[in-house]
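After the structure tokens below, expect a handful of questions from me.
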Amino acid sequence: MTPFRLYDSMRRAKCAFEPLVPGKVGMYVCGPTTYAPAHIGHAYSAIAFDTVRRSLTFLGWDVTYVRNVTDIDDKIIKRAHETNQDPLAMSAHFAAEYNRDMARFNVMTPSIEPKVTTHIREVIAIVERLIANGHAYAVDGDVYYEVRKFPPYGKLSGQTIDELEDGARVEVDTRKKDPIDFALWKRAKPGEPSWDSPWGKGRPGWHIECSAMTVTHLGATFDIHAGGKDLIFPHHENEIAQSQGADGEGTFARYWLHNGFLNFAGEKMSKSLGNVFNCDQIAEAVGGEALRFFCVSHHYRSPVDFDVQVIDGAPRFFSLEAADRSLSGFYTTLQRIDQFVGDNTAGEGAVLPEAEKLVPDAKQALAEDFNAPEVVAAMHAAGKLANKLLDEGKGIDKQVRRRTLARLGKDLRAVGGAIGVLTQDPATYLRERRERLVKAKQIDVAAVEHKLGERKAARAEKNFTRADEIRRELAAMGVELLDTPAGTDWRIADAD
RNA sequence: GGUGCCAUCGCCAAGUGGUAAGGCAACGGUCUGCAAAACCGUCAUUCCCCAGUUCAAAUCUGGGUGGCACCUCCA
């Protein structure tokens with residue numbers, strides 16, 4: 001396997017990864033709280049770490065990827081009551097939808113996807129340990145973590161307990177020893193889902209599930225913990241306090257990965273600004289893979305500005321349309337390669353040396369803090385070489401040319417797979433893309449085909465005046481004609 | 001108030017000490033009945049500003065300016 005470096009949020013530096021177990025990576029990612037349909041922000045984060053996972057696999061590591069589902073918490077209960085649903089049934093429904101949505105962006109199913117409600121026993125066990133060793137205290141059926149008993153608190157977010165106290169909003173909960181203490185276990189209110197515990201009926205607090213799930217599925221100490229930047233405080237800080245409070249210094253995550261956020265015209269996404277877009281909308285507008293390609297064209301740690309404008313009540317995802325255009329270029333090249341190579345890959349043997357660079361270049365880029373944009377650049381170089389070979393075979397041995405193109409097709413797919421793109425059949429992707437655009441631009445396909453027939457006849461008679469007239473007519477409709485030796489194809493000109 | 005992040009070509013975007021990847025757009029060319037696609041070529045002596053460290057800085061340090069995030073639920 002290829003060694004790699006990663007930026008660790010705790011050390012605040014890029015460093016070489018050293019596995020706990022040779023050849024293996026144990027990785028935990030904070031998953032969704034399932035109380036509403038997944039939106040583009042969820043997708044962005046899921047894609048970022050799915051790319052890390054795929055990269056590691058591509059580099060030859062054996063990855064155990066754990067992503068939890070928080071299926072019981074305040075927000076779920078609130079939403080369920082508002083909509084008159086059973087909280088657990090509702091969260092199960094959204095959890096299933098989440099996975100269906102993420103699949104559209106080529107996000108792989110986690111190796112393990114633990115749910116809080118199936119880990120209540122593990123949660124209780126860790127809370128009991130924290131009480132036993134003096135890090136937590138129970139009050140009237142609630143259990144709180146005593147932050148002052150954990151001096152390293154604040155290390156990840158770069159703050160001290162005192163600084164945090166100064167900035168904290170006043171919480172009117174006199175039962176807590178300190179305002180900064182947080183709930184590990186919450187006593188059930190009437191009508192809430194609850195489980196039996198040594199402190200009475202109740203449910204886990206917000207942060208404890210991650211501590212319970214990591215120790216259960218990856219052990220007290222594991223390699224990588226990942227999540228959105230917003231989770232650094234308080235979520236991850238609290239996880240560290242809980243887990244190290246229970247299992248001792250030096251346990252828990254060995255490396256921390258945090259991804260940057262998606263911004264909209266410099267603004268954070270929020271419901272009040274009307275810029276929350278659900279995965280459905282994205283997939284319908286540009287297809288799931290366009291978002292994937294957009295994501296991997298940026299480094300996962302960078303904040304990314306997302307260009308979307310609501311025009312006549314309908315969102316136009318300009319950034320994603322550009323990504324889709326770029327993606328269609330790769331698929332077009334792949335399709336050309338497939339058509340050229342067919343079943344005859346010319347077997348084993350030498351290929352042009354330029355064609356051998358893609359995989360090593362991609363590995364080098366991914367091994368340096370998962371630099372996916374650099375991989376995309378390498379893919380562009382390979383695509384260019386392929387197109388050149390397809391256009392012109394002069395001076396190259398026929399078998400070498402064929403083998404080289406077969407190799408480029410294979411490697412483009414392999415490298416694309418390492419970042420979660422180019423996973424579809426080119427013909428399928430291109431057909432669906434055209435259908436999408438036809439629908440969006442309300443193109444009358446029958447009329448286009450009719451004009452095409454008319455133009456074919458005109459060209460056969462060498463009536464180029466008429467042929468060009470038809471080209472212009474179709475162009476006015478937004479249809480671009482592509483004359484090839486095999487006939488005339490058409491596509492939607494989607495650049496505005 | 002505290003903490004952290006960001007500023008690279010018209011646009012998007014890599015690059016954490018060794019002399020500015022890549023994409024889009026633009027312009028010239030090859031090809032084409034015309035066009036598109038594809039390919040070839042051109043396109044940042046310079047990285048928000050000012051000082052400093054260094055043989056060497058977009059990269060490090062100090063000071064500005066501008067933007068963002070977290071400290072409350074948030075991907």
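All values below come from the heavy atoms of this structure, side chains included, with hydrogens, waters and symmetry mates left out.
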Looking only at side-chain atoms of A/Y44, point me to the closest of B/A75, B/G33, B/A35.
-> B/A75

Residue pairs, two or more places apart or on separate chains, that pass salt bridge (charged side-chain N to carboxylate O under 4.0 Å, His left out) and touch residues 27-49 of chain A = none

Select one nucleotide: of B/G33, B/C39, B/A38, the one nearest the side-chain heavy atoms of A/D468.
-> B/G33

Distance, P atom - from B/G17 to B/A58, rounded to whole angstrom | 13 Å

Could you tell me whether the side chain of A/N371 has a donor or acceptor atom within less than 3.5 Å of a complementary atom in the base of B/G15?
-> no

With the side chain of A/F233 defined as its heavy atoms from C-beta on, choose the nearest nucleotide among B/C34, B/C71, B/A38.
-> B/C71

Now, which nucleotide makes the Watson-Crick or G-U wobble pair with B/A7, with each of the two distances under 3.5 Å?
-> B/U65

Integer-rounded Å distance: B/C71 C1' and A/L156 CG = 14 Å

If we take the P atom in both B/U3 and B/A21, what is their distance in whole Å?
-> 38 Å

Test salt bridge (Lys or Arg N to Asp or Glu O under 4.0 Å) applied to A/R11 - qualifying residues, sequence neighbours left out | A/D8

Where does the angle between the aromatic ring planes of A/Y429 and A/Y331 fall among parallel (under 30°), tilted (30 to 60°) and perpendicular (over 60°)?
-> parallel

What one-letter contact string describes nucleotides 6-11 of chain B from 5' to 3', where B marks a base within less than 4.0 Å of any protein heavy atom, S marks contact via sugar-phosphate atoms alone, and - marks no contact?
-> ------

Taking only residues two or more places apart in sequence or in another chain, which ones pass salt bridge (Lys or Arg N to Asp or Glu O under 4.0 Å) with A/E449?
-> none

The ring pair (Phe, Tyr, Trp, His ring centres under 6.0 Å) partners of A/H236 (sequence neighbours excluded) come to A/H225, A/W256, A/H258

For residues 378-390 of chain A, dump all side-chain donor-acceptor pairs below 3.5 Å to protein atoms at least two apart in sequence or in another chain.
unit_1	atom_1	unit_2	atom_2	d
A/N387	OD1	A/R336	NH1	2.9
A/N387	ND2	A/T333	OG1	3.2
A/N387	ND2	A/G383	O	3.3

Just checking A/Q159: base, sugar-phosphate only, or nothing, at a heavy-atom cut-off of under 4.0 Å?
-> base

Sequence neighbours excluded, which residues qualify as ring pair (Phe, Tyr, Trp, His ring centres under 6.0 Å) partners of A/F293?
-> none

Tell me which residues in residues 447-461 of chain A put a heavy atom below 4.0 Å from RNA chain B, sorted by number, or none.
-> A/R455, A/R459

With a non-hydrogen cut-off below 4.0 angstrom, is A/N259 in contact with a base, only sugar-phosphate, or nothing?
-> nothing

Between A/T484 and A/G260, the residue closer to the 5' end of RNA chain B by nearest nucleotide is A/T484

Of the nucleotides B/C68, B/C74, B/G15, which has the atom closest to the A/H299 side chain?
-> B/G15

Tell me the partner of B/A38, counting only Watson-Crick (N1-N3 plus N6-O4 or O6-N4) or G-U wobble (N1-O2 and O6-N3) with both under 3.5 Å; none if nothing fits.
-> B/U30

Verify the contact: side-chain N or O of A/H298 to OP1 or OP2 of B/A14, cut-off strictly under 4.0 Å; return yes or no.
-> no

Phosphate contact (B/A14 OP1 or OP2) by A/S302 side-chain N/O below 4.0 Å | yes

Does the cation-pi check pass for A/R175 over A/Y144, that is, NZ or CZ under 6.0 Å from the six-membered ring centre and within 45° of its axis?
-> no

Could you let me know what B/G52 is paired to, Watson-Crick or G-U wobble, both distances under 3.5 Å, or none if it's on its own?
-> B/C60

Would you mind classifying the nucleic acid contact of A/L231 as base, sugar-phosphate or nothing, using non-hydrogen atoms under 4.0 angstrom?
-> sugar-phosphate

Base, sugar-phosphate alone, or nothing: which one does A/G41 contact when heavy atoms must sit under 4.0 Å apart?
-> base

Quantified in whole Å, what is the C1' atom distance between nucleotide B/U19 and nucleotide B/U59?
-> 12 Å

Sort out the partner of B/U72 for me: Watson-Crick or G-U wobble, both distances under 3.5 Å, none otherwise.
-> none

Give a yes or no answer on whether the side chain of A/K176 reaches the backbone of A/D181 with a donor-acceptor pair at less than 3.5 Å.
-> yes

B/G1 versus B/A57 - spacing of their P atoms, nearest Å = 36 Å

Provide the distance between the two C1' atoms, one in B/U46 and one in B/A20, to the nearest whole Å.
-> 7 Å

Would you please name every residue forming a salt bridge (Lys or Arg N to Asp or Glu O under 4.0 Å) with A/E473, sequence neighbours left out?
-> A/K451, A/R466

How would you list, by chain and number, every residue that makes a salt bridge (Lys or Arg N to Asp or Glu O under 4.0 Å) with A/R148, sequence neighbours excluded?
-> A/D162, A/E165, A/D178

Please tabulate, one pair per line, each protein N/O and nucleotide N/O from nucleotides 20-24 of chain B that are separated by under 3.5 Å, including the distance.
unit_1	atom_1	unit_2	atom_2	d
B/G23	OP1	A/K384	NZ	3.4

Taking all non-hydrogen atoms of both residues into account, name the closest pair between A/F58 and A/A418 and its distance.
-> CG-CB, 3.4 Å

For B/C74, take OP1 and OP2 only and decide whether either is under 4.0 Å from a side-chain N or O of A/W206.
-> yes

May I ask you to check if A/R402 and A/F340 form a cation-pi contact, with NZ or CZ under 6.0 angstrom from the six-membered ring centre and within 45° of the axis?
-> yes

Sorted by chain and residue number, the ring pair (Phe, Tyr, Trp, His ring centres under 6.0 Å) partners of A/Y255 (sequence neighbours excluded) come out as A/F17

With rounding to whole Å, what would you report as the distance between B/U53 and B/A44 at their C1' atoms?
-> 26 Å

Output yes if the stacking criterion (under 5.5 Å between centres, under 30° between planes) is met for A/F261 over the base of B/A69, else no.
-> no

Could you please name the option among B/C70, B/A75, B/A36 that lies closest to any side-chain atom of A/R491?
-> B/A36

Nearest-nucleotide comparison on RNA chain B, the residue closer to the 5′ end among A/K14 and A/A467 | A/K14

Given that both distances must come in under 3.5 Å, which nucleotide forms a Watson-Crick or G-U wobble pair with B/A13?
-> none

Atom P, compared across B/C24 and B/A37: separation rounded to whole Å | 11 Å

Gap in Å between the two C1' atoms, one belonging to B/C74 and one to B/A56, rounded = 45 Å

Are any of A/K229's side-chain N or O atoms less than 4.0 Å away from OP1 or OP2 of B/A75?
-> no

Under 4.0 angstrom, heavy atoms only, what part of the nucleic acid is A/L481 near: base, sugar-phosphate, or nothing?
-> base

